[in-house]
Chemist: 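Take a look at this one; I'll ask things after.
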Amino acid sequence: MEQMQEFYDPTAVETKWQEKWAKAKLHSADLQNAKKPYYALVMFPYPSGDKLHVGHWYNFAPADSAARYTRMKGFNVFEPMGFDAFGLPAENYAIKTGVPPAQSTAKNVETMIKQLTRIGTMYDWEKLVNTSDPSYYRWTQWLFLQMYKNNLAYKKMGMVNFCPSCQTVLANEQVWEGKCERCETEVVQKPLEQWYWKITNYAQKLVDNLDQLDWPKKTKVMQQNWIGRKVGIDITYEIEGTTEKIVCFTTRPDTNFGATFIVIAPEHPFAKKVAGGELKSQGGDHASEVSTYAQQAAKKTELDRQAEGRKKTGVFTGFSAVNSLNGKKLPIWVSDFVLAGFGTGAVVGVPGHDVRDFEFATQFGIPVVRVVVASDGDTSPITSAEQVQEKEGKMINSSFLDGLDIREATVRIMDHLEENGWGKRVTTYRLRDWLISRQRYWGAPIPIVYDPEGKAHPIPEKHLPWLLPTDVEFKPTGKSPLTESKEFIARTEKIFGKGWRPEFDTMDTFVCSSFYYLRYLMPNPNPNPNPPSKKDFIDPALEKKWMPVSMYIGGPEHACMHLIYARFVMMALKDFGLVSHEEPFQRLVHQGLITNKGAKMSKSKGNVVSPDSFIDRHGSDVFRMYLMFMGPFTDGGDWSDTGIKGIDRFVQRVWRLFSSSLDEGKKSNKKVDQKDADTERALHRTIKAVTDSLERLHFNTAISSLMEFLNLLEAKGSLTPDIAKTFALLLGPLAPHLADELWEMTGGKGFVVEQSWPTFDPAMTVFDEVTVAIQVNGKLRGEVVVGANAPQEEVLNVAKAHENVQKYIEGKTLKKEIYVPGKLVSLVV
RNA sequence: GCCAUGGUGGCGGAAUUGGUAUACGCACACGCCUUAGGAGCGUGAUCCCGCAAGGGAUUGUGGGUUCGAGUCCCACCCAUGGCACCA
């Protein structure tokens, strides 16, 4: 009765252990001497002034549980943490409050470290990185210079995505459904000269390497789609009455005998020549129509195009090309359904076998020819869009291709076109080069200066870090805020000479995060390497030993941003001879999304759950276990205020059982460790179940196995010291504070995370006696208890003798008898 | 439209290879303890019929393979995520 009043006090216990862990430097990894390195990484957060939200916990706590389990399995686990500190959140906060981002960031980092510690994670704070610190961004700039040196960084004029709200350009990856990934404002197109990194050089490798990675299939497919590799052929068409040629890209040259027209994008050079009156056709002057159409098309926004739907518009140029295959004339049209940025910006129209071409042809009265037999054998003329798409079939109306399957025909025609010099096989990609310039303040300055003629020069490495000036307004105006800095310009002139100007743009924050996993391995950098050397960037021995990251955990929203940029940068670094691996993240896992009442948590919806009140009341262990218990880690789940009770009860019951049993043992000094076979077997089954669950990151079932075991122990009424110890160890990854407290109560030495993970005896996980189900004609009709190793015949006889079974088999002939050892008997009558 | 993933009680979910579907927990009902309970403990429960013993149905829908299907195959429906006038 006395023990019943004793409650587990999470706050006291958790504080006590967090202090002990810190004092023992329990989470500090010895990078140099580790024998079995295991790099456990989570995507680092940006330092926000708000409290850690449930999403952070849902990402970090289970990741930490996995890392703790791995450590107990005997690995030298390195679990670092840092801050993706440059970027819009800090800058927007500065704009609102006038507090310089450097100041607010430093403060936020401090509070977040405290919050992250409260989770009870094993972060090795000695290796902290902060991307906004000059000791970090000097390497962001150094990386830029390596890219520049190796011709992977270049500046070019072009149409770019511009967010009118953030007042900066964006990379393609950062435009989602035509909107800014950060603020969801409609993005517009602007012609600007900007810096790019040549990610397209690695397009092929980025696709090919996916095969070897242990990543979610979904993510691989997303990257594949994003890179958009397409194998096809460029076919050259001569234009009648001119010396001009048009090259069309197609993946379906097999249908080329069915071509009846050509369409080019409004931005295509030939369209410009027609519009400008440079070329005049015999059939009349179409310059004004083409130029008007091109101007209208240029004005259209993404929204206009969506509103227009698939309705085709276009104008005739007055010119025709010739299909070399059959001498047919192909009128050349201009239409905005053809994209200037894909392929060659020109398409050969085969209306019989492409829906868009069909729509265009019917819109403008262009003939439609069938060159593939329909699946139902139909060879009649095509009259509706439903008849169009044929991905299977044999060729007709196609000269030497007739009768061939479309796949054979594709190869044949490609060979034929290449042999005659009319075409060339090519591979195209959807992926565009990475635009890394940003017209924002809070980022790493691009280490470039311009001479008085405006020519770009890289800043010599000895001048790094090329410091971000502080004498600026933060308010974005579309012009880079750095243009206002007198100090920045003075500094440039002082070093490089009068009339020299610095590059005023800063780098995309995704540049900072594209290599941070390497910087964690350089915890005590030479504070001022001048000039910086390769070895200061990353120690090759450490890189070889620790990379690639063993397990990387973070949200799926980064599939086509950070996760593609980081892979590209690692590949480039390998080519520069700086690292030994091509891929940064061997295994990737996405945590699921945690919602509230089915909706994504957001401040504007006012449905954000703050962990704090729950932690104050139940403690971090209960909170993190509840998040893990909600369902599989990768699925996410919907928040519920009440469900946490179940975990709280579990923790209290564990506590009560431990304190009552262990106290009792002490007081009466009686031996309570005589083994009970049932409990012993249950213990082994529990170890097996928890181990299997943790291997699969199914924390929810690991917890339910422990609950089941606890239910059994409570029913037995006592706890032997051996079982108590193992129970504490099994709880270690899931509820680290409680586990250490229980471990201490059982007289365990050291910390739980330093102990070996419990092992089980497979022989002990099976029962002596098993319950066997009996089915008659597939329906359950009874069960019997037999010895686990009872021979088949004996079990079948017992089964057939079963009273209820008798009712169903009496007087009938047994057609089949099946015994699945230890599971069931199946009788067929 | 295309690709991917998923659909199991009132709810979150469990069920490595086809082998007793609904473990574990929440919520619920009843009981115990209590001055009290937003505490604790115990019992019950997928649904339908039945006082009960028991029977029948059931893993989105419809078929199929099998002694046996949540699991494998085919068709369809729905949900979520991604891509989308990409030639």
Side-chain angles (χ1 to χ4, degrees), chain A residues 4-5 7 176-177 216-226 228 230 232 248-253 255 263 305-306 308-312 335-339 341-350 353-357 359-360 389 428-430 556-557 559-560 590 593 626 629-632 634-647 649-650 652-653 656 689 692-693 695-696 698 700-711 714 771-783 804 807 814-829:
Chain A
M4 295 299 254
Q5 267 131 26
F7 285 103
W176 294 8
E177 292 175 351
K217 195 179 170 189
K218 182 176 100 173
T219 313
K220 290 189 189 185
V221 170
M222 276 169 71
Q223 289 209 350
Q224 247 164 38
N225 289 344
W226 185 259
K230 285 249 161 72
C248 297
F249 174 74
T250 179
T251 56
R252 292 292 308 277
T255 61
V263 201
R305 282 172 198 263
Q306 271 167 25
E308 229 169 50
R310 296 180 62 99
K311 195 169 176 300
K312 298 291 178 289
S335 175
D336 62 3
F337 86 85
V338 176
L339 308 173
F342 188 79
T344 57
V347 171
V348 53
V350 184
H353 304 284
D354 181 285
V355 178
R356 293 150 307 174
D357 294 354
E359 284 164 356
F360 192 81
Q389 270 186 328
T428 62
Y429 299 91
R430 213 185 71 107
E557 66 276 11
C560 292
H590 296 307
L593 182 68
Y626 175 54
F629 189 63
M630 281 171 55
T634 50
D635 286 7
D638 198 48
W639 175 260
S640 140
D641 282 0
T642 51
I644 198 166
K645 266 196 202 167
I647 301 289
R649 283 185 191 138
F650 169 68
Q652 295 294 348
R653 282 163 57 200
R656 222 152 36 216
D692 291 351
S693 293
E695 280 297 328
R696 297 196 292 156
H698 285 198
N700 53 333
T701 50
I703 295 168
S704 43
S705 299
L706 287 171
M707 285 175 169
E708 276 179 82
F709 189 45
L710 176 69
N711 289 346
E714 279 187 329
T771 308
V772 171
I774 309 162
Q775 292 182 349
V776 180
N777 285 355
K779 285 207 187 292
L780 185 66
R781 295 302 179 191
E783 31 183 57
N804 195 44
K807 288 203 317 213
L814 275 172
K815 274 204 274 186
K816 214 166 205 180
E817 308 172 31
I818 293 162
Y819 175 51
V820 183
K823 302 259 166 145
L824 59 69
V825 169
S826 185
L827 304 171
V828 187
V829 294

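Letters A, B, ... are given to chains in the order of the sequence lines, protein chains preceding strands, and every chain is numbered from 1. Worth saying up front: this structure is predicted, and the values here are computed from it rather than measured.
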Chemist: Does B:C83 have a Watson-Crick or wobble partner in any strand here, with both distances under 3.5 angstrom, and which is it?
Modeler: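 By the stated definition (distances under 3.5 Å), B:G1 pairs with B:C83.
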
Chemist: Using a heavy-atom cut-off of 4.0 Å across all strands, would you classify A:Pro216 as base, sugar-phosphate, or nothing?
Modeler: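 If one applies the 4.0 Å heavy-atom cut-off, A:Pro216 turns out to touch nothing in the nucleic acid.
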
Chemist: Under a 3.5 Å cut-off for both contacts, is B:G6 paired Watson-Crick or G-U wobble with anything, and if yes, with which nucleotide?
Modeler: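 B:C78 is the nucleotide pairing with B:G6.
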
Chemist: For A:His698 and A:Asn777, find the nucleotide of RNA chain B closest to each by heavy atoms; which residue's nucleotide sits nearer the 5' end?
Modeler: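 Result of the comparison: A:His698.
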
Chemist: Report the nucleotide, chosen from B:C41, B:G19, B:U20, that has the shortest atom-to-atom distance to any side-chain atom of A:Arg653.
Modeler: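 Among the listed nucleotides, the one closest to the side chain of A:Arg653 is B:C41.
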
Chemist: In the structure shown, which nucleotide is the Watson-Crick or G-U wobble counterpart of B:C51, with both distances under 3.5 Å?
Modeler: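 Its partner is none (no Watson-Crick or G-U wobble pair with both distances under 3.5 Å).
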
Chemist: Just compare B:A23, B:U20, B:A87 and give me whichever is closest to any side-chain atom of A:Phe342.
Modeler: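 Looking only at side-chain atoms, A:Phe342 lies closest to B:A87.
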
Chemist: Watson-Crick or G-U wobble partner for B:G31, using a 3.5 Å limit on both distances?
Modeler: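 Partner of B:G31: B:C41.
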
Chemist: Please measure how far the P atom in B:A69 lies from the corresponding atom in B:G64, and state the result in whole Å.
Modeler: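 Straight-line distance between the two P atoms is 12 Å.
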
Chemist: From the options B:A27, B:G25, B:A4, select the nucleotide whose nearest atom is closest to the side chain of A:Lys218.
Modeler: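 Of B:A27, B:G25, B:A4, B:A4 is nearest to the side chain of A:Lys218.
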
Chemist: Rounding to the closest angstrom, what is the interatomic distance between B:A87 and B:U66 at atom C1'?
Modeler: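 These two C1' atoms come out 47 Å apart once rounded.
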
Chemist: Heavy atoms only, 4.0 Å cut-off, all strands: where does A:Lys220 land among base, sugar-phosphate and nothing?
Modeler: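 It contacts nothing in the nucleic acid.
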
Chemist: So what does A:Lys815 hit on the nucleic acid, given a heavy-atom distance under 4.0 Å: a base, only sugar-phosphate, or nothing?
Modeler: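 Answer is nothing: A:Lys815 stays at 4.0 Å or more from every strand.
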
Chemist: Verify, without hydrogens or angle tests, whether A:Glu359 (side chain) and A:Lys311 (backbone) share a donor-acceptor contact under 3.5 angstrom.
Modeler: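 Answer holds: no.
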
Chemist: Give one of base, sugar-phosphate or nothing for A:Arg696, where a contact means two heavy atoms less than 4.0 Å apart.
Modeler: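 Base contact - A:Arg696 has a heavy atom under 4.0 Å of at least one base atom.
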
Chemist: Once you apply a heavy-atom cut-off of 4.0 Å, does A:Val820 come out as touching a base, just sugar-phosphate, or nothing?
Modeler: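 Result for A:Val820 = base.
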
Chemist: State which of B:A57, B:G55, B:A27 makes the closest approach to the side chain of A:Thr642.
Modeler: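 The answer is B:A27, which lies nearest to the side chain.
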
Chemist: Counting the atoms with a prime plus P, OP1 and OP2 as sugar-phosphate, which does A:Asn804 contact under 4.0 Å by heavy atoms, base, sugar-phosphate, or nothing?
Modeler: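 Sugar-phosphate contact only.
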
Chemist: Is there, by distance only and without an angle test, a donor paired with an acceptor across the side chain of A:Lys312 and the base of B:C85 below 3.5 Å?
Modeler: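 Yes.
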
Chemist: Which of the following nucleotides, B:A87, B:A27, B:C24, is nearest to the side chain of A:Thr250?
Modeler: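 The answer is B:A87, which lies nearest to the side chain.
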
Chemist: Can you tell which of B:G12, B:C83, B:C67 lies closest to the side chain of A:Phe629?
Modeler: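 Per side-chain heavy atoms of A:Phe629, the pick is B:G12.
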
Chemist: Remember a base hit wins even if backbone is also touched, and classify A:Glu708 as base, sugar-phosphate or nothing at under 4.0 Å, heavy atoms.
Modeler: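 Sugar-phosphate only.
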
Chemist: Side chain of A:Met222, heavy atoms from C-beta onward: which of B:A21, B:A87, B:G82 has the nearest atom to it?
Modeler: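 Taking heavy atoms from C-beta onward, the closest nucleotide is B:G82.
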
Chemist: Should B:U65 form a Watson-Crick or G-U wobble pair with both distances under 3.5 Å, which nucleotide is its partner?
Modeler: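 Pair assignment: B:U65 / none.
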
Chemist: Would you call the rings of A:Phe337 and A:Phe360 parallel, tilted or perpendicular, taking 30° and 60° as the class edges?
Modeler: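 Tilted: the ring planes of A:Phe337 and A:Phe360 meet at 30° to 60°.
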
Chemist: Check the chi torsion on B:G38 and let me know: syn if it falls within 90° of 0, anti if not.
Modeler: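 Anti.
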
Chemist: From B:G54, B:C67, B:C24, pick the nucleotide closest to the side chain of A:Ile818?
Modeler: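 Among the listed nucleotides, the one closest to the side chain of A:Ile818 is B:C67.
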
Chemist: Looking at every strand, decide which applies to A:Ser826 at a 4.0 Å heavy-atom threshold: base, sugar-phosphate, or nothing.
Modeler: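 Answer is base: heavy atoms of A:Ser826 come under 4.0 Å of a base.
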
Chemist: Of the nucleotides B:C24, B:G56, B:G13, which one has an atom closest to the side chain of A:Pro632?
Modeler: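 My answer, after comparing the listed nucleotides, is B:G13.
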
Chemist: Assign A:Val348 to base, sugar-phosphate, or nothing according to its heavy-atom contacts below 4.0 angstrom with the strands shown.
Modeler: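 Contact class for A:Val348: none.
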
Chemist: Could you tell me which nucleotide pairs with B:A57 by Watson-Crick or G-U wobble geometry, both distances under 3.5 Å, or answer none if nothing does?
Modeler: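 When the pairing criteria are applied, B:U46 turns out to be the nucleotide that pairs with B:A57.
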
Chemist: Taking atom types as modelled, is there a side-chain donor on A:Arg430 or A:Asn225 under 3.5 Å from an acceptor on the other?
Modeler: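 Judged by distance alone, the side chains do not pair up.
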
Chemist: Checking base pairs now: Watson-Crick or wobble, both atom distances under 3.5 Å. What partners B:C11?
Modeler: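 Here B:C11 is engaged in a pair, and the nucleotide opposite it is B:G25.
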
Chemist: Among B:U20, B:A87, B:C26, which is the nearest nucleotide to the side chain of A:Arg649?
Modeler: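 The answer is B:C26, which lies nearest to the side chain.
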
Chemist: So what does A:Asp638 touch, heavy atoms closer than 4.0 Å: a base, only the sugar-phosphate, or nothing?
Modeler: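 Counting heavy atoms under 4.0 Å across all strands, no contact is made by A:Asp638.
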
